[in-house]
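Just below is one structure, and these are the notes that go with it.
This is a predicted model, so every value here is computed, not measured.
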Amino acid sequence: MTVLSTSQLFTLVSDVHRNLTVAQLVEQAVIRDEGVLVHNGALRVATGKYTGRSPNDKFIVNSAAVHDDISWSNNKPFSQSNFDQLYNRMLAYMQNREVFVFDGFAGADENHRLQVCFVNEFAWQNLFVHQLFICPDEPLTTEPEFQVICMPGFKAIPEIDNTNSEAFIVLNFEQRIVLIGGTHYAGEMKKSIFTVMNYLLPLQGILSMHCSANVGPQGDTALFFGLSGTGKTTLSADPNRRLVGDDEHGWSNDGVFNIEGGCYAKCIKLSEQNEPQIWNAIRFGSVLENVVIDQELRTIDYDSDAITENTRAAYPVEYMPDIVIDGVAGHPKTIVFLTADAFGVLPPIAKLNKEQAIYHFLSGYTSKLAGTERGITEPEATFSTCFGAPFLPLSPLVYAKLLGEKIEQHNTNVFLINTGWSGGAYGVGKRMSIPYTRAMVTAAIEGLLDDVAYDLDPIFNVYVPTTCPNVPDEVLKPRNTWLEKQAYDRQAQDLAKRFAKNFTKFGGDISAAIAAAGPKA
């Protein structure tokens with residue numbers, strides 16, 4: 001069947017609110033009782049049952065045009081006939097309803113951007129995409145290259161629609177459309193377009209990356225890879241550097257560009273002292289998801305996880321104090337892989353050669369943090385390929401090959417930084433202090449670790465600096481922070497074995513040099 005154009009789609013609905021201003025969208029959301037304004041001017045909303053992404057409900061239509069490109073071991077197929085049926089049922093749901101529409105772009109680089117159109121059931125979700133994606137300078141008059149229809153009130157019937165639950169996120173690359181229903185969590189819209197860009201960009205020789213990026217006073221670019229909750233947003237919000245973007249970027253032959261136009265920060269335990277830039281960015285026009293508030297005073301309790309650990313703030317990048325306004329920067333001088341090690345045994349900072357970098361990029365070790373996905377209630381050790389497996393439609397080797405080529409071509413330094421636990425595993429040790437982590441990041445990207453001595457960690461096979469400015473030397477070697485040294489040894493060996501077991505999935509597709517660059521169990 002043929003997907004309707006936007007003009008055809010709009011003939012079904014009773015009214016179209018297209019490209020409203022921020023103030024108009026906030027006003028509509030409040031009038032419709034979709035959310036409330038809190039003391040700092042932000043719009044606070046609740047997403048109900050779904051307070052995080054639902055990866056088991058995400059599908060890709062298995063059409064002939066894309067079948068050979070998609071890595072089906074990492075993605076769930078959805079038949080064209082099932083898509084057609086679901087699409088028709090969604091169209092029926094939309095009849096005689098009002099919709100909110102945003103036309104904009106994904107991709108700050110004009111040579112590699114994607115024109116997108118979001119059709120939303122709720123004003124607050126349209127405000128979300130208005131702030132998260134790139135607004136055009138002038139009204140767009142052409143048909144979008146990709147269409148996203150998000151109708152949270154429309155719930156799938158698994159017995160009819162062949163979904164796994166009432167929620168669904170279905171990407172159809174051939175017909176260039178995304179259907180989202182059954183879940184109110186706005187992050188599904190953001191990540192569906194990221195998945196689209198992870199399909200389109202590598203086919204053009206551009207590395208798409210789940211990372212934040214910033215630029216120093218000398219024009220030096222740094223990238224921060226990591227899953228949600230590992231510190232991408234926090235650590236890239238550096239008062240001494242300009243922010244390019246906090247989550248998704250492309251790396252072309254010309255340099256780095258932001259895929260989005262906004263930030264989507266976790267705000268559990270947010271404090272003005274530790275994260276002043278993010279704190280001050282949450283104001284009128286920002287969207288706060290699932291934070292706990294005082295119903296009368298409308299003050300925010302950032303420390304409360306009564307609803308979820310995955311409380312979120314969405315705001316445009318220009319709400320940050322010092323940004324790269326066009327979202328484009330040069331080739332990275334430094335790459336940082338962020339991991340939140342729940343076992344508390346990885347070094348807080350280590351330098352990686354190219355083979356080690358590819359190994360850890362393919363491994364993508366971290367801990368899923370509570371609330372980021374449904375069902376996660378405490379940190380859980382996991383391996384997420386390329387630090388973003390849920391968003392990768394292609395084989396991980398495609399992204400790894402591009403990364404290796406670019407590291408070599410631009411002589412980029414790579415560091416692994418553990419923002420997780422120190423002095424013991426989760427429940428015993430403590431989370432690495434943000435000031436120490438910031439000091440390590442600063443040292444890495446400013447070249448302060450270029451001339452220090454390094455020790456090769458005997459288990460994790462990475463190069464650990466013996467000293468780092470503004471960080472106690474004993475912190476740099478995690479074994480020193482454990483009271484029970486033998487307990488550390490057992491835990492470290494256990495994690496090393498997990499690395500090795502996980503890496504076997506790549507089989508003979510990986511060179512011997514890369515395979516040998518991992519931990520030594």
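Put simply, the side chain of Tyr319 gets close to the backbone of Phe284: a donor and an acceptor are under 3.5 Å apart. Without hydrogens or angle criteria, Gln131 side chain to Gly285 main chain gives a donor-acceptor distance under 3.5 Å. Within the 3.5 Å criterion, the main-chain N or O of Gln115 finds a donor-acceptor partner in the side chain of Glu145. Between the side chain of Asn214 and the main chain of Arg241, no donor-acceptor pair closer than 3.5 Å is present. Not a single donor-acceptor pair under 3.5 Å links the side chain of Asp161 to the backbone N or O of Thr163. Not one N or O on the side chain of Asp341 forms a donor-acceptor pair closer than 3.5 Å with the backbone of Gly420. With hydrogens and angles disregarded, no donor-acceptor distance shorter than 3.5 Å links the side chain of Asn198 to the backbone of Leu392. Within the 3.5 Å criterion, the main-chain N or O of Val256 finds no donor-acceptor partner in the side chain of His249. A donor-acceptor pair under 3.5 Å is formed between the side chain of Glu121 and the backbone N or O of Gly153. In this structure a side-chain-to-backbone donor-acceptor pair under 3.5 Å is present from Thr221 to Gly330.
Leu132 places a side-chain heavy atom less than 4.5 Å from the side chain of Tyr264. Between Leu127 and Val22, the closest side-chain pair of non-hydrogen atoms falls below 4.5 Å. The closest side-chain heavy-atom distance from Arg312 to Tyr185 is below 4.5 Å. With a 4.5 Å cut-off on side-chain heavy atoms, Glu248 and Lys191 count as touching.
No hydrogens or angles considered: nothing links the side chains of Ser236 and Asp246 as a donor-acceptor pair under 3.5 Å.
Taking a cutoff of 4.0 Å between a charged side-chain nitrogen and a carboxylate oxygen, Glu188 and Lys58 do not qualify as a salt bridge. A salt bridge links Lys190 to Asp247: one of the charged nitrogens lies within less than 4.0 Å of a carboxylate oxygen. Look at Arg438 and Asp238 and you find no salt bridge, because none of the NZ, NE, NH1 or NH2 atoms lies under 4.0 Å from a carboxylate O.
Of the residues Phe105, Phe118, Phe146, the one that meets the ring-ring contact (aromatic ring centres under 6.0 Å, His included) test with Phe133 is Phe118. With Thr311 as the partner, the side-chain contact (heavy atoms from CB on, under 4.5 Å) test is satisfied by one option alone out of Asp303, Asp301, Ile268: Ile268. Evaluated for a side-chain contact (heavy atoms from CB on, under 4.5 Å) with Ser363, the options Phe383, Phe387, Phe337 yield exactly one hit, Phe383.
By the 30° and 60° cut-offs, the orientation of the rings of Tyr365 relative to Phe343 is parallel. Between Phe83 and Tyr87, the ring planes lie parallel to each other; the angle is under 30°, not in the 30° to 60° tilted range. Between His331 and Trp251, the ring planes are tilted. Angles from 30° to 60° get that label.
By the 6.0 Å contact criterion, CD on Gln8 is enclosed, its count of non-hydrogen atoms from other residues, nucleotides or ligands being greater than 12. Atom CG of Asn88 is surrounded by more than 12 heavy atoms from other residues, nucleotides or ligands within 6.0 Å.
Taking the side-chain contact (heavy atoms from CB on, under 4.5 Å) definition, one finds that Val36 meets it with Arg44, Ile293, Arg298, sequence neighbours left out. The side chain to side chain donor-acceptor pair (under 3.5 Å) test applied to Asn258 returns no partner, not counting sequence neighbours.
With ring centers used as reference points, Phe154 lies under 6.0 Å from Tyr93. Ring centers of His210 and Phe391: under 6.0 Å apart, within the cut-off. Aromatic ring centres of Phe122 and His184: separated by under 6.0 Å.
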Problem set entry | Candidate pair Lys266 and Glu289, rule salt bridge (charged side-chain N to carboxylate O under 4.0 Å, His left out), full reasoning | CA-CA 10 Å; Lys266 284 196 74 171; Glu289 284 184 324; over 6 Å; no
